[in-house]
Amino acid sequence: MENGAKKWGFQGKQGLDAASATNVRGYFNLLTGNINQDNSSVVVPLGHGDPSHFPSIRTTPAAEDAIVDALRSAKHNCYATTVGILPARRAIADYLNRDLSYKLTPDDVYLTIGCNQAIEVVTAVLSRPGANIFLPRPGYPHYEPWCAYNHLEMRHYDLLPEKGWEVDVDAVETLADENTAAMVIINPGKPCWNVCSYEHLNKVAETARKLGILVIADEAYDNLTFGSTPYVPMRVFGLTLPILTMGSISKRWVVPGWRLWWLVTSDPNGLLQKSGVGS
(Lines give C-alpha, C1' and ligand atoms only; values in the text may rest on other atoms or scores of the structure.)
Protein backbone atom coordinates (compact mmCIF):
# COMPACT_ATOMS: atom_id res chain seq x y z
CA MET A 1 0.00 0.00 0.00
CA GLU A 2 1.06 3.61 -0.57
CA ASN A 3 3.01 5.25 2.29
CA GLY A 4 3.69 1.87 3.86
CA ALA A 5 0.19 1.16 5.23
CA LYS A 6 -1.14 -2.38 4.76
CA LYS A 7 -4.70 -1.09 4.38
CA TRP A 8 -6.35 2.24 5.01
CA GLY A 9 -9.46 1.91 7.19
CA PHE A 10 -11.42 4.85 5.84
CA GLN A 11 -13.52 5.46 2.75
CA GLY A 12 -16.32 7.77 1.71
CA LYS A 13 -19.88 6.73 2.39
CA GLN A 14 -21.60 5.57 -0.76
CA GLY A 15 -24.44 7.79 -1.86
CA LEU A 16 -23.26 10.92 -0.06
CA ASP A 17 -21.71 12.52 -3.15
CA ALA A 18 -24.89 12.01 -5.16
CA ALA A 19 -27.04 13.41 -2.35
CA SER A 20 -24.93 16.55 -2.04
CA ALA A 21 -24.51 17.12 -5.77
CA THR A 22 -28.13 16.73 -6.91
CA ASN A 23 -29.53 20.20 -6.39
CA VAL A 24 -30.66 23.20 -8.40
CA ARG A 25 -27.23 24.84 -8.28
CA GLY A 26 -25.57 21.62 -9.40
CA TYR A 27 -27.77 21.38 -12.47
CA PHE A 28 -27.26 25.06 -13.21
CA ASN A 29 -23.49 24.68 -12.99
CA LEU A 30 -23.69 21.66 -15.28
CA LEU A 31 -25.49 23.73 -17.92
CA THR A 32 -23.19 26.73 -17.65
CA GLY A 33 -20.16 24.45 -17.78
CA ASN A 34 -21.25 23.26 -21.21
CA ILE A 35 -21.52 26.73 -22.74
CA ASN A 36 -19.32 27.14 -25.79
CA GLN A 37 -16.57 29.44 -24.55
CA ASP A 38 -15.62 30.36 -28.12
CA ASN A 39 -19.02 31.95 -28.65
CA SER A 40 -18.84 35.69 -27.96
CA SER A 41 -22.61 36.05 -27.40
CA VAL A 42 -23.72 37.52 -24.08
CA VAL A 43 -25.19 34.88 -21.77
CA VAL A 44 -28.29 36.05 -19.88
CA PRO A 45 -28.53 34.08 -16.58
CA LEU A 46 -32.24 33.31 -16.59
CA GLY A 47 -31.53 30.30 -14.39
CA HIS A 48 -29.97 32.41 -11.64
CA GLY A 49 -32.13 31.92 -8.57
CA ASP A 50 -30.42 34.41 -6.24
CA PRO A 51 -31.58 38.01 -6.82
CA SER A 52 -29.23 39.28 -4.10
CA HIS A 53 -26.39 38.51 -6.52
CA PHE A 54 -27.33 41.65 -8.44
CA PRO A 55 -26.39 45.01 -6.86
CA SER A 56 -29.71 46.63 -7.78
CA ILE A 57 -31.63 44.25 -5.47
CA ARG A 58 -30.90 44.62 -1.76
CA THR A 59 -32.60 43.81 1.49
CA THR A 60 -34.08 46.55 3.65
CA PRO A 61 -31.75 48.56 5.93
CA ALA A 62 -33.94 47.44 8.84
CA ALA A 63 -32.74 43.85 8.34
CA GLU A 64 -29.12 44.95 8.07
CA ASP A 65 -29.42 47.09 11.21
CA ALA A 66 -30.94 44.17 13.13
CA ILE A 67 -27.95 41.98 12.27
CA VAL A 68 -25.47 44.72 13.23
CA ASP A 69 -27.24 45.36 16.54
CA ALA A 70 -27.29 41.65 17.37
CA LEU A 71 -23.59 41.34 16.59
CA ARG A 72 -22.55 44.38 18.60
CA SER A 73 -24.67 43.36 21.59
CA ALA A 74 -22.26 40.44 22.22
CA LYS A 75 -25.24 38.50 23.57
CA HIS A 76 -25.16 35.80 20.91
CA ASN A 77 -21.49 34.82 20.68
CA CYS A 78 -21.95 31.83 22.96
CA TYR A 79 -22.89 28.27 22.03
CA ALA A 80 -26.52 28.13 20.99
CA THR A 81 -28.85 25.20 21.48
CA THR A 82 -29.10 22.88 18.49
CA VAL A 83 -32.68 24.02 17.79
CA GLY A 84 -31.74 27.74 17.72
CA ILE A 85 -31.72 30.55 20.24
CA LEU A 86 -34.93 31.29 22.09
CA PRO A 87 -35.44 34.92 20.90
CA ALA A 88 -35.26 33.83 17.26
CA ARG A 89 -37.65 30.92 17.77
CA ARG A 90 -40.07 33.14 19.69
CA ALA A 91 -40.00 35.76 16.92
CA ILE A 92 -40.74 33.13 14.27
CA ALA A 93 -43.60 31.65 16.32
CA ASP A 94 -45.11 35.12 16.79
CA TYR A 95 -44.78 35.83 13.06
CA LEU A 96 -46.49 32.58 12.05
CA ASN A 97 -49.21 32.92 14.69
CA ARG A 98 -50.76 35.85 12.85
CA ASP A 99 -52.59 33.43 10.55
CA LEU A 100 -53.71 30.88 13.15
CA SER A 101 -56.67 30.22 15.41
CA TYR A 102 -54.38 28.27 17.76
CA LYS A 103 -50.96 29.36 19.03
CA LEU A 104 -47.49 28.11 18.24
CA THR A 105 -44.79 28.39 20.89
CA PRO A 106 -40.99 28.65 20.56
CA ASP A 107 -40.88 24.92 21.36
CA ASP A 108 -42.61 24.27 18.02
CA VAL A 109 -39.81 26.00 16.10
CA TYR A 110 -36.49 24.46 15.03
CA LEU A 111 -33.85 26.45 13.14
CA THR A 112 -31.69 24.91 10.43
CA ILE A 113 -28.84 26.11 8.23
CA GLY A 114 -30.81 26.64 5.07
CA CYS A 115 -33.43 24.65 3.19
CA ASN A 116 -31.22 21.71 2.37
CA GLN A 117 -30.44 20.89 6.00
CA ALA A 118 -34.14 21.08 6.80
CA ILE A 119 -34.86 18.52 4.08
CA GLU A 120 -32.06 16.30 5.36
CA VAL A 121 -33.49 16.42 8.90
CA VAL A 122 -37.06 15.68 7.81
CA THR A 123 -36.16 12.75 5.57
CA ALA A 124 -33.90 11.29 8.26
CA VAL A 125 -36.63 11.48 10.91
CA LEU A 126 -39.26 9.86 8.67
CA SER A 127 -37.04 7.10 7.29
CA ARG A 128 -38.23 4.13 9.32
CA PRO A 129 -37.78 0.78 7.52
CA GLY A 130 -40.21 0.40 4.63
CA ALA A 131 -41.60 3.94 4.83
CA ASN A 132 -42.49 5.94 1.73
CA ILE A 133 -43.11 9.61 1.06
CA PHE A 134 -45.03 11.49 -1.65
CA LEU A 135 -43.19 14.15 -3.65
CA PRO A 136 -44.72 16.56 -6.20
CA ARG A 137 -43.88 16.26 -9.88
CA PRO A 138 -42.57 18.73 -10.97
CA GLY A 139 -40.97 19.78 -7.71
CA TYR A 140 -37.79 20.86 -5.96
CA PRO A 141 -35.08 18.31 -6.84
CA HIS A 142 -33.21 18.30 -3.53
CA TYR A 143 -35.82 16.02 -1.91
CA GLU A 144 -34.99 13.04 -4.12
CA PRO A 145 -31.30 12.51 -3.25
CA TRP A 146 -31.88 12.80 0.50
CA CYS A 147 -34.82 10.40 0.36
CA ALA A 148 -32.56 7.97 -1.48
CA TYR A 149 -29.72 8.55 0.96
CA ASN A 150 -32.01 7.83 3.92
CA HIS A 151 -33.63 4.81 2.20
CA LEU A 152 -37.01 6.52 2.17
CA GLU A 153 -39.05 5.27 -0.78
CA MET A 154 -40.23 8.07 -3.09
CA ARG A 155 -43.62 8.05 -4.76
CA HIS A 156 -44.39 10.97 -7.06
CA TYR A 157 -47.79 12.53 -7.53
CA ASP A 158 -48.48 14.85 -10.45
CA LEU A 159 -49.39 18.51 -10.42
CA LEU A 160 -52.14 19.16 -12.95
CA PRO A 161 -51.33 21.98 -15.42
CA GLU A 162 -54.90 22.11 -16.71
CA LYS A 163 -56.02 22.92 -13.14
CA GLY A 164 -53.41 25.57 -12.38
CA TRP A 165 -50.87 22.99 -11.14
CA GLU A 166 -53.09 21.73 -8.36
CA VAL A 167 -52.29 18.47 -6.54
CA ASP A 168 -53.72 15.36 -8.17
CA VAL A 169 -55.57 14.36 -5.02
CA ASP A 170 -57.05 11.22 -6.58
CA ALA A 171 -53.53 10.00 -7.42
CA VAL A 172 -52.41 10.65 -3.84
CA GLU A 173 -55.16 8.38 -2.55
CA THR A 174 -54.22 5.69 -5.07
CA LEU A 175 -50.52 5.80 -4.17
CA ALA A 176 -51.00 5.57 -0.41
CA ASP A 177 -50.57 2.44 1.67
CA GLU A 178 -49.93 1.56 5.32
CA ASN A 179 -46.26 2.57 4.99
CA THR A 180 -46.89 6.08 3.70
CA ALA A 181 -45.48 8.58 6.19
CA ALA A 182 -45.96 12.00 4.59
CA MET A 183 -46.52 14.09 1.52
CA VAL A 184 -44.66 17.23 0.47
CA ILE A 185 -46.59 20.18 -0.93
CA ILE A 186 -44.74 23.28 -2.19
CA ASN A 187 -46.88 26.42 -1.99
CA PRO A 188 -46.34 28.91 -3.53
CA GLY A 189 -45.16 26.38 -6.05
CA LYS A 190 -41.68 25.81 -7.35
CA PRO A 191 -40.98 25.57 -10.25
CA CYS A 192 -44.52 26.27 -11.55
CA TRP A 193 -45.13 29.39 -9.40
CA ASN A 194 -48.74 28.49 -8.78
CA VAL A 195 -50.57 29.47 -5.59
CA CYS A 196 -53.06 26.97 -4.15
CA SER A 197 -56.47 28.20 -3.06
CA TYR A 198 -57.86 27.69 0.43
CA GLU A 199 -60.43 25.25 -0.94
CA HIS A 200 -57.79 23.12 -2.63
CA LEU A 201 -55.49 23.09 0.39
CA ASN A 202 -58.43 22.08 2.56
CA LYS A 203 -59.08 19.16 0.19
CA VAL A 204 -55.41 18.15 0.45
CA ALA A 205 -55.60 18.37 4.26
CA GLU A 206 -58.76 16.26 4.45
CA THR A 207 -57.24 13.65 2.14
CA ALA A 208 -54.04 13.45 4.17
CA ARG A 209 -56.05 13.17 7.40
CA LYS A 210 -58.08 10.30 5.95
CA LEU A 211 -54.86 8.56 4.91
CA GLY A 212 -53.22 9.22 8.28
CA ILE A 213 -50.16 10.96 6.86
CA LEU A 214 -48.18 14.07 7.74
CA VAL A 215 -48.14 17.08 5.40
CA ILE A 216 -44.76 18.76 4.88
CA ALA A 217 -45.49 22.29 3.69
CA ASP A 218 -42.53 23.80 1.85
CA GLU A 219 -43.34 27.51 2.02
CA ALA A 220 -40.05 29.13 1.08
CA TYR A 221 -41.97 31.69 -0.97
CA ASP A 222 -44.64 32.44 1.62
CA ASN A 223 -46.67 35.58 0.94
CA LEU A 224 -45.18 35.92 -2.55
CA THR A 225 -48.08 35.45 -4.95
CA PHE A 226 -48.07 34.98 -8.70
CA GLY A 227 -51.59 35.87 -9.81
CA SER A 228 -54.85 36.71 -8.08
CA THR A 229 -55.12 33.74 -5.68
CA PRO A 230 -54.38 34.80 -2.07
CA TYR A 231 -51.60 32.91 -0.30
CA VAL A 232 -52.83 30.60 2.46
CA PRO A 233 -50.34 28.82 4.76
CA MET A 234 -50.90 25.10 5.16
CA ARG A 235 -50.59 25.41 8.94
CA VAL A 236 -54.11 26.86 9.15
CA PHE A 237 -55.23 23.22 8.90
CA GLY A 238 -53.20 22.16 11.95
CA LEU A 239 -56.38 21.28 13.85
CA THR A 240 -57.23 18.81 11.07
CA LEU A 241 -53.88 17.00 10.95
CA PRO A 242 -50.22 17.59 11.85
CA ILE A 243 -48.42 20.03 9.54
CA LEU A 244 -44.67 20.46 9.31
CA THR A 245 -43.94 23.91 7.90
CA MET A 246 -40.62 24.78 6.29
CA GLY A 247 -39.84 28.43 5.63
CA SER A 248 -37.19 31.12 5.79
CA ILE A 249 -36.34 34.78 5.44
CA SER A 250 -34.32 34.06 2.27
CA LYS A 251 -36.80 34.98 -0.43
CA ARG A 252 -38.97 37.66 1.10
CA TRP A 253 -36.02 39.55 2.56
CA VAL A 254 -33.62 38.75 -0.33
CA VAL A 255 -30.95 37.30 1.99
CA PRO A 256 -30.45 33.63 1.01
CA GLY A 257 -26.81 33.81 2.10
CA TRP A 258 -27.87 34.31 5.73
CA ARG A 259 -28.99 30.66 5.71
CA LEU A 260 -31.81 31.10 8.24
CA TRP A 261 -34.48 28.44 7.76
CA TRP A 262 -37.06 26.97 10.10
CA LEU A 263 -39.00 23.78 10.69
CA VAL A 264 -42.24 24.35 12.56
CA THR A 265 -44.57 21.69 13.94
CA SER A 266 -48.20 22.78 13.75
CA ASP A 267 -49.82 20.10 15.85
CA PRO A 268 -52.11 21.40 18.61
CA ASN A 269 -53.49 17.86 19.07
CA GLY A 270 -50.05 16.52 20.02
CA LEU A 271 -50.02 13.68 17.49
CA LEU A 272 -46.38 14.20 16.50
CA GLN A 273 -45.17 13.92 20.08
CA LYS A 274 -47.13 10.70 20.54
CA SER A 275 -45.56 9.22 17.42
CA GLY A 276 -42.01 10.31 18.29
CA VAL A 277 -41.65 12.65 15.29
CA GLY A 278 -41.90 15.85 17.33
CA SER A 279 -39.56 14.83 20.14
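Side-chain contact check for Thr105 versus Arg89: every heavy-atom pair is 4.5 Å or farther apart. Put simply, the side chain of Leu96 does not reach to within 4.5 Å of the side chain of Val109, judged on heavy atoms. In this structure the side chain of Val204 never reaches within 4.5 angstrom of the side chain of Thr207, judged on heavy atoms. For the pair Asp99 and Arg235, the minimum side-chain heavy-atom distance is below 4.5 Å. Counting only heavy atoms from C-beta outward, the side chains of Arg155 and Met183 never approach each other to under 4.5 Å. Looking only at side-chain heavy atoms (C-beta outward), Glu173 and Lys210 come within less than 4.5 Å of each other. Residues Pro136 and Val167 have side chains not in contact (no heavy-atom distance under 4.5 Å, counting atoms from C-beta outward). Counting heavy atoms from C-beta outward, Ile133 and Cys147 have side chains that approach closer than 4.5 Å.
His151 NE2: 12 or fewer foreign heavy atoms inside a 6.0 Å radius. Within a 6.0 Å sphere centred on CG of Leu224, heavy atoms belonging to other residues, nucleotides or ligands number more than 12.
No donor-acceptor distance shorter than 3.5 angstrom exists from the side chain of Asn179 to the backbone of Asn132, with no hydrogens or angles considered.
Here the closest heavy-atom approach between residue Asn187 and residue Val232 is recorded as ND2-O, 3.5 Å. The minimum heavy-atom distance between Val254 and Ser52, with the atom names listed, is O-CB, 3.6 Å. In plain terms, the two heavy atoms of Leu241 and Arg209 that are nearest each other are CD1-N, 3.8 Å. Residues Leu239 and Pro268 approach most closely at CD2-CG, 3.4 Å, considering heavy atoms. Of all heavy-atom pairs spanning Lys274 and Asn269, the tightest one is NZ-O, 4.1 Å.
Salt bridge present: Glu64 and Arg58 bring a charged side-chain N and a carboxylate O closer than 4.0 Å.
Residues passing the side-chain contact (heavy atoms from CB on, under 4.5 Å) test with Ile249 are Trp253, Val255, Trp258, Leu260, Trp262, sequence neighbours excluded. Judged as a side-chain contact (heavy atoms from CB on, under 4.5 Å), and not counting sequence neighbours, the contacts of Arg72 are Val68.
In this structure, Phe237 and Tyr198 have tilted ring planes: the angle between them lies in the 30° to 60° band. Below 30°, between 30° and 60°, or above 60°: for Tyr140 and Tyr143 the angle between ring planes is above 60°, a perpendicular geometry. Relative ring orientation between His142 and Trp146 is described as tilted, the plane-to-plane angle lying within the 30° to 60° band.
There is a path of hydrophobic side-chain contacts, each under 4.5 Å, that joins Leu159 to Leu175. A single hydrophobic cluster is seen to contain both Ile92 and Val236, as judged by linkage of ILVMFWY side chains at heavy-atom distances under 4.5 Å, directly or through other members.
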Could you check Asp218 against Lys190 for side chain to side chain contact (heavy atoms under 4.5 Å, CB included), going step by step and ending with a plain yes or no?
CA-CA 9 Å; Asp218 185 332; Lys190 182 178 182 178; over 6 Å; no
Take Asn194 and Thr229 through the test side chain to side chain contact (heavy atoms under 4.5 Å, CB included) and record every step on the way to the result.
CA-CA 9 Å; Asn194 58 301; Thr229 304; over 6 Å; no
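For the residue pair Tyr231 and Glu219, a side-chain donor N or O sits within less than 3.5 Å of a side-chain acceptor on the partner.
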